[in-house]
Amino acid sequence: MLFDVEAYILKLKHYDLTLSNLEYRNVNPEDIKSFRIHSANMLDDETRDNLDSYLISKSEITVSHFLQDKHYIPRLLISALVFLLVYFFLSLVVRDPIPMLDELIAALLLSVLTFLGMSKRDIRLARESKLMYDIRKKLANAELIQEDYLNSIEEYIYEISSKYSILEISDILSKTDELTQLEDVSFTLPEAFIQIMKSYLHKTNKALDYYLKQVKDCKKRDEKLSARLVRSATNESLDLYLLAFLFKAGF
C-alpha cells in the first residue's frame, strides 16, 4: 500500500517542533509515495534544512529496520548452521576433559557473532541502498502546504508565552491562581495532526504527556502540582506553553 509521509512543523518561541507519521509507523520504504510538509508559513532555508535532516534520519532508521526484518530469517538460519558446524567440529575433532561444555560455549559465541556481524552489514547496506536514494529524491520534491490551524497554534502559544511567566502559567494550569484563566479559544484540527501529536506524547515526550494528564485531572487548587510544573520546566525543559495549548485543545 502506497504511503504518504506527512510532516508538521511548529515554530515555537525557542525551538521548532517537528512531527511526522514516519516516526510512528512501521513502513515499507518501497511504499513511500511522497512527502508533504505542513507549516504555518513558508520555511526559511535553515528550517527546511533541519526538517530535511530530521526526515532523512527517520528514513534511514525505517530502511535499516526494513532490511533487518527482511533478512532476519536468513541471518537466523546461517547463525544456526554456524552453531551446528562449530559444535560438531569441536566435538569430533577436539578432545577436552569437559565434554559438551566448551563446544557449546564456542559454538554459541560464534553463532551470535555471525548474527550480529550480518546485522551490521545490513545496516551499512541500508544507508547506501537505492531505497535511500529514491527517498531523497522524493523529499526534494516534497509538497509544501501552508495550514491556517498551525498558524493559529503558533499565535496562541506565542501570545500566552508573552503574557505569562513560567510561574504564572504553572499557577494557572494547577488552579493555584484561581482568578486567572487561559483565554477561551477553539482549534479545528485535522484528525491526522491529532493522531501524530498523540503519538508524539505517548512515545516521544512522555513527560509532557504525564503532566498533561495531571493538569486535566486537577479540579481544585494544587500548589504541589504548580511547584512540580515549575521544577520540570526549569530542569527538564518541559514546555508549559505547549502544555497549555494541548490542554485547551482537548488532547
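Scope of the values below: all heavy atoms of this structure, side chains included, with no hydrogens, waters or symmetry mates. Just so you know, these numbers come straight off a predicted model, no measurement behind them.
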Participant: Find out whether Ser59 and Met132 are in side-chain contact, i.e. whether some heavy atom of one side chain is under 4.5 Å from a heavy atom of the other.
Facilitator: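 Counting from C-beta outward, Ser59 and Met132 do come under 4.5 Å.
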Participant: Would you call Tyr211 and Ser232 a side-chain contact if the rule is heavy atoms closer than 4.5 Å?
Facilitator: yes
Participant: Is the shortest side-chain heavy-atom distance between Ile153 and Ile157 below 4.5 Å?
Facilitator: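 Sidechains of Ile157 and Ile153: in contact.
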Participant: Is there a donor-acceptor contact under 3.5 Å from the side chain of Asp31 to the main chain of Phe3?
Facilitator: no
Participant: For Asn26, does the CG atom sit with more than 12 other heavy atoms under 6.0 Å from it, leaving out its own atoms?
Facilitator: no
Participant: Can you list the steps and then say if Glu159 with Glu155 is a side-chain contact (heavy atoms from CB on, under 4.5 Å)?
Facilitator: CA-CA 6 Å; Glu159 180 182 348; Glu155 287 183 348; over 6 Å; no
Participant: With a 4.5 Å limit on heavy-atom distance, are the side chains of Ile61 and Val63 in contact?
Facilitator: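 Not in contact.
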Participant: Roughly how far apart are Leu139 CG and Lys137 NZ, rounded to 0.5 Å?
Facilitator: 13.0 Å
Participant: Ignoring hydrogens, what is the shortest heavy-atom contact between Lys216 and Lys219? Give both atom names and the distance.
Facilitator: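 Result for this residue pair: O-NZ, 3.3 Å.
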Participant: Quick one: which of Gln214, His202, Lys203 gives a side-chain hydrogen bond (donor to acceptor under 3.5 Å, both in side chains) with Asp209?
Facilitator: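 Looking at Gln214, His202, Lys203, the match for Asp209 under the side-chain hydrogen bond (donor to acceptor under 3.5 Å, both in side chains) is His202.
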Participant: Assigning hydrophobic clusters by single linkage (Ile, Leu, Val, Met, Phe, Trp, Tyr; side-chain heavy-atom cutoff under 4.5 Å), is Tyr156 placed with Phe247?
Facilitator: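 Linked within one cluster.
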Participant: Using a strict cut-off of less than 4.0 Å between a Lys/Arg side-chain nitrogen and an Asp/Glu carboxylate oxygen, indicate whether Lys58 and Glu23 qualify as a salt bridge.
Facilitator: yes
Participant: Any side-chain heavy atom of Leu242 sitting closer than 4.5 Å to one from Tyr15?
Facilitator: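 Yes, at least one pair of side-chain atoms sits under 4.5 Å.
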Participant: What's the separation between atom CG in Asp217 and atom CG in Leu212, rounded to the nearest 0.5 Å?
Facilitator: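 If we round to the nearest 0.5 Å, Asp217:CG and Leu212:CG are 9.5 Å apart.
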Participant: Does Leu246 share a hydrophobic cluster with Ile196, counting links as ILVMFWY side-chain heavy atoms below 4.5 Å and allowing steps through other members?
Facilitator: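 Same hydrophobic cluster.
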Participant: Under 6.0 Å from the NZ atom of Lys33, do we count more than 12 heavy atoms belonging to anything else shown?
Facilitator: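 Check fails, neighbour count at 12 or below.
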Participant: Using modelled atom types and a 3.5 Å cut-off, is there a donor and acceptor pairing between side-chain atoms of Asn21 and backbone atoms of Asp4?
Facilitator: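 Confirmed, Asn21 side chain pairs with Asp4 backbone.
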Participant: List the steps, then state whether side-chain contact (heavy atoms from CB on, under 4.5 Å) holds for Val5 with Ser34.
Facilitator: CA-CA 6 Å; Val5 177; Ser34 64; over 6 Å; no
Participant: Check the pair Leu144 / Gln146 against side-chain contact (heavy atoms from CB on, under 4.5 Å), numbers first and verdict last.
Facilitator: CA-CA 7 Å; Leu144 305 179; Gln146 291 182 247; over 6 Å; no
Participant: Contact between Ile194 and Glu191 at the side-chain level, heavy atoms closer than 4.5 Å - yes or no?
Facilitator: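 The answer is yes; the side chains approach within 4.5 Å.
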Participant: Using the side chain to side chain contact (heavy atoms under 4.5 Å, CB included) definition, which of the options Leu43, Leu150, Asn50 pairs with Ile9?
Facilitator: Leu43
Participant: Heavy-atom count around Asp45 CG within 6.0 Å, excluding the residue itself: above 12?
Facilitator: no
Participant: Return the CG to OG distance between Asn205 and Ser199, rounded to the nearest 0.5 Å.
Facilitator: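 So the gap between those two atoms works out to 13.0 Å.
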Participant: Could you check if a side-chain atom of Ile135 sits within less than 4.5 angstrom of a side-chain atom of Pro29, using non-hydrogen atoms only?
Facilitator: yes
Participant: Are Leu12 and Leu201 connected into the same hydrophobic cluster when the rule is that any two of I, L, V, M, F, W, Y join if their side-chain heavy atoms are below 4.5 Å apart?
Facilitator: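 In one cluster with Leu201: Leu12, yes.
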Participant: Start with the C-alpha distance between Asp171 and Tyr164, add both sets of side-chain angles, then the distance that settles side-chain contact (heavy atoms from CB on, under 4.5 Å), and finish with yes or no.
Facilitator: CA-CA 10 Å; Asp171 283 347; Tyr164 304 112; over 6 Å; no
Participant: Is it the case that one hydrophobic cluster holds both Met197 and Tyr210, taking links as side-chain heavy atoms less than 4.5 Å apart, direct or via other members?
Facilitator: yes
Participant: If I compare all heavy atoms of Glu154 with all of Ala40, which pair ends up nearest, and what's the gap?
Facilitator: OE1-CB, 3.5 Å
Participant: Can you check whether Asp222's main-chain N or O pairs, donor with acceptor, with Ser226's side chain at less than 3.5 Å?
Facilitator: no
Participant: Is Ile37 reachable from Leu19 through a run of hydrophobic residues whose side-chain heavy atoms are each under 4.5 Å from the next?
Facilitator: no
Participant: Let me confirm one number: the CG-CD1 distance from Leu243 to Ile169, rounded to the nearest 0.5 Å.
Facilitator: 8.5 Å
Participant: For Tyr24 and Tyr200, work out which heavy atoms get closest and say how close.
Facilitator: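 The pair with the smallest heavy-atom distance is OH-CA, 3.3 Å.
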Participant: Within this structure, what is the OG-NZ distance for the pair Ser174 and Lys220, rounded to the nearest 0.5 Å?
Facilitator: 13.5 Å
Participant: Can you check whether Phe187 and Tyr149 have ring centres sitting under 6.0 Å from each other?
Facilitator: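 Between Tyr149 and Phe187, which both carry aromatic rings, the centre distance is not below 6.0 Å.
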Participant: Strictly below 4.0 Å, N to O, side chains only: are Arg48 and Asp52 in salt-bridge contact?
Facilitator: yes
Participant: Salt bridge between Asp134 and Lys138, side-chain N to carboxylate O under 4.0 Å?
Facilitator: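 No, no charged N to carboxylate O under 4.0 Å.
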Participant: If you define the side chain from C-beta out and look only at heavy atoms, does anything of Leu173 sit under 4.5 Å from Cys218?
Facilitator: no
Participant: Less than 3.5 Å apart, any donor N or O on the side chain of Asn151 or Glu147 sitting next to an acceptor on the other?
Facilitator: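 Checked: Asn151/Glu147 side chains show no N/O donor-acceptor pair below 3.5 Å.
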Participant: Out of curiosity, Ser39 OG to Tyr8 OH, how far, rounded to the nearest 0.5 Å?
Facilitator: 11.5 Å
